[in-house]
Amino acid sequence: MRRRIPPVLLLFVLVPLLVEGFWVFWPALQGFWLALTNWDGVSPPRFVGADNYARMLGDPVFHTAVTNTAIWLVLFGGLSAVGGLGLAVLLQKERRGVGVYRAALFVPVVFSLVATSLIWQVLYQPGGIFDSSPLADPDTALYAVLVPALWRQVGYVMVLYLAGLKGIDPGLYEAATLDGATAWQKFTHVTWPQLRSVNSVVLSVIVIDSLRSFDVVWSMTRGGPYHSSELLSTYMYSTAFQSLKLGYASALAVVIFVLAFGVIVTYLVRAFREN
C-alpha cells in the first residue's frame with residue numbers, strides 16, 4: 001500500500017517552496033531577460049540582444065573586476081579551506097578546553113559582515129593596531145579587505161570539516177596505527193579520502209561565497225581606490241543602483257551565476273565519475 005503523505009507535511013514543504021519561487025526563482029529568471037535589455041529601472045526595458053555582453057569586452061572596469069574576483073576566489077577559497085581544515089584536524093580531539101578554542105574561532109561567523117568591516121576599519125586606521133592605511137593604497141586595498149573576510153570564513157569552514165571528521169570510523173585510524181602509518185600517512189590515506197563528500201560541500205560554499213562577496217568590500221572600500229578592490233559583485237551593485245544601468249548589471253549577474261555554476265558542476269561531475 002502506498003503511504004499517505006500527511007497534509008501538514010505537504011503544507012510545510014509547499015508554502016516555503018512557493019515563497020522561494022516568488023521571491024527568488026522568478027526574479028532570477030527575470031534577470032536573464034533583463035540582461036538582454038537596456039533598462040534604467042523607470043522606462044520600459046528596450047531589447048538590445050547580446051550588446052551588454054559585447055560591451056563587457058571593452059569595459060576596463062569589468063576586466064579589473066574579473067581579475068580581482070579570480071584573485072579573491074583563489075586566495076579566499078584556498079586559504080579558508082586550508083585554514084579551516086588545519087584547525088579542524090588540530091581541534092577534533094576531545095580534550096580539556098578545546099571547546100573554548102572552537103567557540104572562539106566560530107564567534108566571527110556570528111558577527112554580521114558589516115560589523116566585521118567596522119571592526120577592521122578601526123584596526124586599519126592610522127594610529128590603530130596596524131598603524132597604516134592599507135585601504136587607501138591601490139596596491140594593498142584588495143588584500144587588506146581579504147583579511148577580515150578570511151577571519152570570518154575560516155571558522156565556518158572549520159565547523160564543516162569538524163562535522164566530517166566526527167563521521168570517520170575510529171577503527172580506520174587504529175588499523176593504520178597497527179600498520180605503522182605516520183601521522184601524515186593517516187591524513188593522506190585515511191582522513192582525506194573520507195572527507196570527499198565534505199569537500200564537495202566546502203567547495204560549493206567557498207565558490208558561492210567568493211563570487212557573492214559584497215558586504216565586506218563595499219563597507220570598507222566600495223571597490224576603490226580607483227577600482228583596485230572592485231569585484232564583480234560590487235561592480236554589479238554600483239552599476240545597477242548608482243549608474244541605474246540595470247540591464248548591464250543583470251548581464252554582470254548572469255556572468256557571476258555562470259562562473260559559480262560552472263566551477264561547482266565541473267567539480268561535482270569529476271567527483272561522481274571517480275566514485
Side-chain angles (χ1 to χ4, degrees), residues 1-37 39 41 44-45 73 77 80-81 84-85 88 92 99 102-103 106-116 152-169 193-216 232-233 236-237 240-241 246-247 249-275:
M1 297 179 60
R2 296 183 60 185
R3 185 178 180 181
R4 184 173 177 271
I5 301 176
V8 176
L9 180 60
L10 287 175
L11 186 66
F12 273 99
V13 173
L14 292 178
V15 170
L17 181 61
L18 292 174
V19 173
E20 188 83 1
F22 180 77
W23 290 106
V24 178
F25 298 146
W26 176 241
L29 292 175
Q30 285 184 314
F32 284 94
W33 157 249
L34 291 175
L36 303 175
T37 66
W39 186 41
L73 179 61
S80 61
L85 177 58
Q92 66 171 321
R102 293 174 184 170
F106 188 74
V107 164
V109 182
V110 181
F111 297 156
S112 71
L113 286 171
V114 176
T116 301
R152 185 178 186 273
Q153 188 74 5
V154 167
Y156 181 45
V157 175
M158 178 195 70
V159 171
L160 295 177
Y161 274 123
L162 276 174
L165 291 171
K166 294 295 183 182
I168 300 177
D169 184 3
Q194 294 295 317
L195 291 176
R196 181 171 298 175
S197 60
V198 180
N199 288 332
S200 301
V201 176
V202 170
L203 176 73
S204 300
V205 168
I206 285 174
V207 171
I208 293 173
D209 286 352
S210 298
L211 293 176
R212 72 181 182 88
S213 294
F214 170 79
D215 309 63
V216 173
L232 285 173
S233 57
M236 176 192 68
Y237 180 85
F241 299 107
L246 277 80
S250 297
L252 294 171
V254 171
V255 171
I256 295 174
F257 169 78
V258 171
L259 290 174
F261 188 77
V263 172
I264 294 171
V265 169
T266 301
Y267 176 82
L268 292 179
V269 168
R270 288 185 58 188
F272 287 143
R273 285 179 178 176
E274 291 176 0
N275 289 333

Would you say the side chain of V205 lies within less than 4.5 Å of the side chain of Q153, judging by non-hydrogen atoms? yes

Can you name the side chain to side chain contact (heavy atoms under 4.5 Å, CB included) partners of I256, sequence neighbours left out? L211, L232, M236

Between G21 and P27, the two heavy atoms sitting closest are O-CD, 4.3 Å

Run the side-chain hydrogen bond (donor to acceptor under 3.5 Å, both in side chains) test against R152 and tell me which residues pass, sequence neighbours left out. none

Using the test side chain to side chain contact (heavy atoms under 4.5 Å, CB included), find all partners of F214 that sit at least two apart in sequence or belong to another chain. W218, S233, T234, Y237

For A88, does its backbone N or O pair with a side-chain atom of R102 as donor and acceptor, under 3.5 Å? no

Heavy-atom closest pair (L34 atom, S250 atom, distance to 0.1 Å) is CB-OG, 3.5 Å

Rounded to the nearest 0.5 Å, what separates atom CG in L195 from atom CD1 in I168? 4.5 Å

Could you check if a side-chain atom of V107 sits within less than 4.5 angstrom of a side-chain atom of F111, using non-hydrogen atoms only? yes

Rounding to 0.5 Å, atoms CD1 (I208) and OG (S213) come to a distance of 11.5 Å

Taking all non-hydrogen atoms of both residues, which atom of G77 and which atom of I206 are closest, and how far apart? CA-CG2, 3.1 Å

Nearest 0.5 Å, what's the CZ-CG distance between F12 and L9? 9.0 Å

Smallest separation among heavy atoms of L160 and V198, with atom names: O-CG1, 3.7 Å

Going from CG on L165 to CG on L85, what distance comes out if it is rounded to the nearest 0.5 angstrom? 7.0 Å

Could you give all pairs that pass the salt bridge (Lys or Arg N to Asp or Glu O under 4.0 Å) test and reach residues 153-166, with sequence neighbours left out? E94-K166

For L203, which residues count as a side chain to side chain contact (heavy atoms under 4.5 Å, CB included) partner, sequence neighbours excluded? V207, Y267

Provide the closest heavy-atom pair for Y161 versus A81 in the form atom of the first, atom of the second, distance. CE1-O, 3.9 Å

What heavy-atom pair brings A35 and V254 nearest, and what distance separates the two atoms? CB-CG2, 3.9 Å

Does W33 have any ring pair (Phe, Tyr, Trp, His ring centres under 6.0 Å) partners at least two apart in sequence or in another chain, and if so, which? F47

